[in-house]
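What follows is a single structure, written as structure tokens, with notes after it.
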Amino acid sequence: MPRRDERASPLLALSRPRRPARGRLGGRAQAVARARPHREARAHRADGLGDGGERDPARPRRAAPADRHGLRDLGRHRRGGDGDRGHDAVRRARHPRSHRRHRRHRRRRGRAETRLLTRPFIDPSGRRRYPTPSPREPRARTMSDTRRDYRDTVFLPTTTFPMRGELPKREPALLERWERIDLWRRLREASAGRPKFVLHDGPPYANGHIHIGTALNKILKDVINRAKQMAGYDANYVPGWDCHGLPIEWRIEEQYRAAGRDKDAVDVLAFRAECRAYAEHWMGVQAAEFRRLGVAGDWAGRYATMDFRSEAIIAGEIGRFLLNGALYRGAKPVLWSPVEKTALADAEVEYHDHTSTTVRVRFPILSAPAEDLREAAVVIWTTTPWTLPGNRAVAYGEDIDYALIVVETVSEGSLARPGEHLLVALPLLPDTLKEAGIGQHVVRRVLKGRELAGTICAHPLRGRGYEFDVPLLPAAFVTTDQGTGFVHIAPGHGEDDWELGRRHGLPVPETVGPDGTFLPHVAGFAGVHVYKAADPVCAALTQAGTLLSRSKLVHAYPHSWRSKAPLIFRTTPQWFIRIDGATAIRTKALAAIEATRFVPPQGQNRLRAMIASRPDWCISRQRAWGVPIAIFVDRRTGEPLRDPAVVQRIVAIFAQEGSDAWWTRPASDFLGPGRDPADYEQVFDIVDVWFESGSTHAFVLEGNPALAWPADLYLEGSDQHRGWFHSSLLEACGTRGRAPYRAVLTHGFVVDEQGRKMSKSLGNTVSPQEVIAEYGADILRLWVMASDYTEDLRIGPEILKQQAELYRRIRNTLRWILGGLDGFAEAERVPLADMPDLERWVLHRLAELDARVREAAESFAWTGVFAELHAFCAADLSAFYFDIRKDALYCDRADSLRRRACRTVLDHLHRCLTTWLAPLLVFTAEEAWLARFPSEDGSVHLETFPAIPPEWRNETIAQRMARIREIRRVVTGALERERAAGAIGASLQAAPILVLPAADRSLLDADGWAEICITSGITFADTPPDADVAPFTLDDVPGVTVIPRRAAGEKCLRCWKVLPEVGTHADHPGLCDRCHDAVTSGVLARRAAA
RNA sequence: GGGCUGGUAGCUCAGCUGGUCAGAGCACACGCUUGAUAAGCGUGGGGUCGCAGGUUCAAAUCCUGCCCGGCCCA
């Protein structure tokens, strides 16, 4: 999309230093060599072009004294005679930046010479073009000492704030400082009495080092907390840890195995003590890692689910469910690992491909409403033949079409029998016929599932110990995706099965023991392991004549995340919290979701859908490391003992001794006087860890004067819809009738640069420790804030490099501000009304950004804020405001209004940028703050966001400035063309003619335009004058024309503007009027005055 | 397989409820500066807005299907 009215002057083509042919010398270089033999010969050599000899790479290398850059050694990197490129490649590898600079220097030298050889000329249109003198004076004069004389009279930026962050080195020192000045305590004191903001920490698991996802989570929390704090809240933050649970237990067991000890022989209390020590250790490690990220919080007052007080309150929360009737004991199939001999939590299950034996089995119909069904058999399909001993029903879909067929012919080896009548879902008939090897057949009729109501079948192993009736039951979960349209129901081995059985009062046979083998009472299969049951079961079915077909299927199947072994559904007695019923937890939870703010809003749907469809909450685990479900069951009634006094006793003892007391003390201590322990069964199941973390609001927030209940915000990864958000909601709704949070923020997951999930096997992981060591924590924080964290976040080497670049710009902006503020005194300050428009525009921008930052602090929606701050630093400040104001800041008298206004604005910029950046770049902001306000115990983190006066907003100036910058683009474009043509170098060598539409003529005066465009002058014209130079326009800025002109006069040795008056001051012949005044005024640069 | 969600320049992101947007910053290329200098300024080249259909006078923006990715569930 070329916008330029004129692409390039012919000079451009001639002088552009395009890379020469890969030969020894390009045409340009040859021409130069002819003109300046001696000098070029040297340059030639320095470019590494002179030595074409290859070196033996194996030979030890040593720079010869004559080879002052050591370039000779680099010769070995050359390829195909292109020594130039080989040289560059090496430099680039060593230091990318110096590479670029080095090359530029070489080019310029060559180009200046070229120009001598190519002027004058006539352009293709026949017009004579610039018979311009060389823009650069001969080298001898530029080295003049007079120039240096005035350098000391210029206010150059002075600051202790280094250009390079060296964050890995500097950050730890700042952490120490914050520690030393007791920053956290002072923050709390300073914000006492302010409105509270409570972000309640979701506890990470105290196991292993933190990873990039944990880092993201904590950084986000920290930014939000700090921003709230600086926006005027009391944002206390108490981090916490999740300590109980299987993974730690597993690690301890591993240690036992490694030591050759039998864990079953170890006393449960000793085992728990080791788990406790393990968790304690990792809490310490993770705390240190979180703090290194710059996360501020009450680390000394952290919470842990294994604290005695926490354990006591968790037991008390279970007591609440006990007392309000929601807790009940049921027998429900849970995912069970025969290897670990335990039920697994949902989160402990992973799905992998697994090859299962599939069977189609006849269930002969005993009785049915329709006559023609009575001689038929229902065909079921299952991938778990071992569940057939537990079968007690068959489910059908009421709206499914079923075909009643008569088999006529069968293929060889088929288990089907000609003449038999089978019932199969119509859509699945072809599949079944094929699998069963049925050839000819007749569809006797097609009936709807609901016509099957009341049908009773025989168990396929009838006559072998399975004499009970098997009813056909309707169920919505039956589909015609796969199978036969009939689902065999084993209430002890499936969730749907169990639910259906419950509704129809089916028995729940227990057929499989903890180790995965059939129990002794299971006819025909006692002692057989279910993984090896396919053959015996099929054999029995075959004998019974009920097996119709057998096959294999690869499908996703649940496995243990620890042992990777396949799991089974197994019925065990478990404790549940009723979701519906008298406590109406589901209803309350759904209402609570509506009353909660979700960021992003999609989270609301997700949580709602899950709560709406979830079954009762199974909270018992048959493990050791956790809080016991500390209740008693009355042996006579089988009912749990619901006695508030007992619950209180348990809570009181746990608070003192921890939940170990459940094992160490006799039951009578809990039951109290008046109850005979012999009448009660003590429950030693432990509680689901999700129940524990779901109770953090109870033991961290409730009744804590430093915090508040409910929390303002819960903030976790989007997986916690099923986890912490979910369990906390159920727990609080069941006990307190509302959500423990007012708002929920979810962030996405960290994926690699291609958007794929991180995994050790893919080798695409990024660890926070590595990032900190290489770039620093501020870069990691910057990465978080530059990403859209409501979705997945990508990270990798390239992305981190980019973040480091963004950081560099921010840092240099701060550095320049600090440099410009050197020695700033309150007396210099200029009121808004006296400021030039340019300054007022910057303040307007600050007002806009202030609104943006405060908005983000309020809404937690930070995406884009950092990008805007960065764009402000890069585009508005560095490329525009700073570039323009360098002249005034460096060269004006110290008392000039313009300079003072600029410094006043720099002061505001410093205050705003350091405080706005403080929640994000906690280290750098502090460094920039202290560079300005050195202090023993000061900190930017003790500040609040500056109050921005409303009058800073000025839409009029904003609009005007937008137009000015548009027009400025035409000028810079014109200058660029001239620069490319070799007509000018620095923009101060130009003083173009500007033709503006009438509407724009009042924007600025000529000096104003020169200032904005950084030229030595601007003249206006009503129409483009008939010049020998082509006018310059931009298509997207119609009506604005620029006619380039070189500035007339001499270059002022102090401010480098080219002005006609230079040379008129006898005492300083090299100075312009302004600089003469400055130098002779006595209010010179601070350095000179001091 | 189901639910939710995403796929805009090499990268990070803007583009609200369809018609001056195909944009910004970074990176890259080229040039300038050498008094922000392991910095700074300017100019420029990059995208058939995942793919394929459809609705419409008009789609990055609406619908359908597909492909790819993520979280959760089975």
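In what follows, every chain begins at residue 1, and chains take the letters A, B, ... in the order their sequences are listed.
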* Salt bridge A:Asp876-A:Arg965, side-chain N to carboxylate O under 4.0 Å ->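 Yes, this pair counts.
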Which residues share a salt bridge (charged side-chain N to carboxylate O under 4.0 Å, His left out) with [X], sequence neighbours left out:
X	value
A:Asp719	none
A:Glu966	A:Arg963
A:Arg756	none

Strand partner of [N], provided both Watson-Crick or wobble distances fall under 3.5 Å:
N	value
B:rC62	B:rG54
B:rA24	B:rU12
B:rA29	B:rU43
B:rC71	B:rG3
B:rA38	none

State which of [options] makes the closest approach to the side chain of [X].
X	options	result
A:Phe749	B:rC32, B:rC71, B:rU43	B:rC71
A:Leu156	B:rG35, B:rC26, B:rG40	B:rG35
A:Ala874	B:rA14, B:rA36, B:rG25	B:rG25
A:Trp1056	B:rC41, B:rG35, B:rA36	B:rG35
A:Met610	B:rA38, B:rC72, B:rA36	B:rC72
A:Met163	B:rC11, B:rG40, B:rA38	B:rA38
A:Glu976	B:rG42, B:rU5, B:rG40	B:rG42
A:Asp788	B:rC41, B:rA14, B:rG35	B:rA14
A:Gln802	B:rC13, B:rU12, B:rA36	B:rU12

Answer yes or no: does a side-chain N or O of [X] lie under 4.0 Å from OP1 or OP2 of [N]?
X	N	value
A:Tyr890	B:rA36	yes
A:Ser787	B:rC13	yes
A:Arg809	B:rG25	no
A:Arg979	B:rC41	no
A:Arg151	B:rG35	yes
A:Arg722	B:rC4	no
A:Lys886	B:rA36	yes
A:Thr159	B:rA36	no

* With A:Ser613 via side-chain hydrogen bond (donor to acceptor under 3.5 Å, both in side chains) - residues at least two apart ->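 Residues passing side-chain hydrogen bond (donor to acceptor under 3.5 Å, both in side chains) with A:Ser613: none at all.
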Could you tell me whether [X] contacts a base, only the sugar-phosphate backbone, or nothing, with contacts defined as non-hydrogen atoms closer than 4.0 Å?
X	result
A:Arg606	base
A:Ala786	sugar-phosphate
A:Ser987	nothing
A:Ser718	sugar-phosphate
A:Ala879	sugar-phosphate
A:Ala986	sugar-phosphate
A:His721	nothing

* Do the side chains of A:Leu216 and A:His747 get nearer than 4.5 Å, heavy atoms only? ->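 Result yes, sub-4.5 Å side-chain heavy-atom pair found.
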* To do: Would you confirm whether A:Arg794, through its side chain, and A:Asp752, through its main-chain N or O, come within 3.5 Å as a donor-acceptor pair?
  =>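 Checking the backbone N and O of A:Asp752 against the side chain of A:Arg794, no donor-acceptor pair under 3.5 Å is found.
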Distances for protein N/O vs nucleotides 67-69 of chain B N/O pairs under 3.5 angstrom?
unit_1 : atom_1 : unit_2   : atom_2 : d
B:rG69 : O2'    : A:Gly755 : O      : 2.3

* Asked: Cation over ring, A:Arg899 on A:Phe155, under 6.0 Å and within 45°?
  ->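 Pair A:Arg899/A:Phe155 counts as cation-pi.
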* Asked: Where does the angle between the aromatic ring planes of A:Tyr714 and A:Trp724 fall among parallel (under 30°), tilted (30 to 60°) and perpendicular (over 60°)?
  ->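 Aromatic pair A:Tyr714/A:Trp724 classed parallel.
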* ring pair (Phe, Tyr, Trp, His ring centres under 6.0 Å) involving A:Trp617 - partner list, sequence neighbours excluded ->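 In terms of ring pair (Phe, Tyr, Trp, His ring centres under 6.0 Å), with neighbours along the sequence ignored, A:Trp617 is linked to A:Phe691.
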* **Syn or anti for B:rG46 (syn when the glycosidic angle lies within 90° of 0)** =>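 Chi for B:rG46 falls in the syn range.
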* Could you tell me the separation between the CG atom of A:Leu607 and the P atom of B:rC73, rounded to a whole number of Å? =>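 Atom CG in A:Leu607 sits about 13 Å away from atom P in B:rC73.
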* Asked: Would you say the side chain of A:Glu978 and the base of B:rG42 hold a donor-acceptor pair, judged only by whether the two atoms sit under 3.5 Å apart?
  ->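 By the distance-only test, no, there is no pair.
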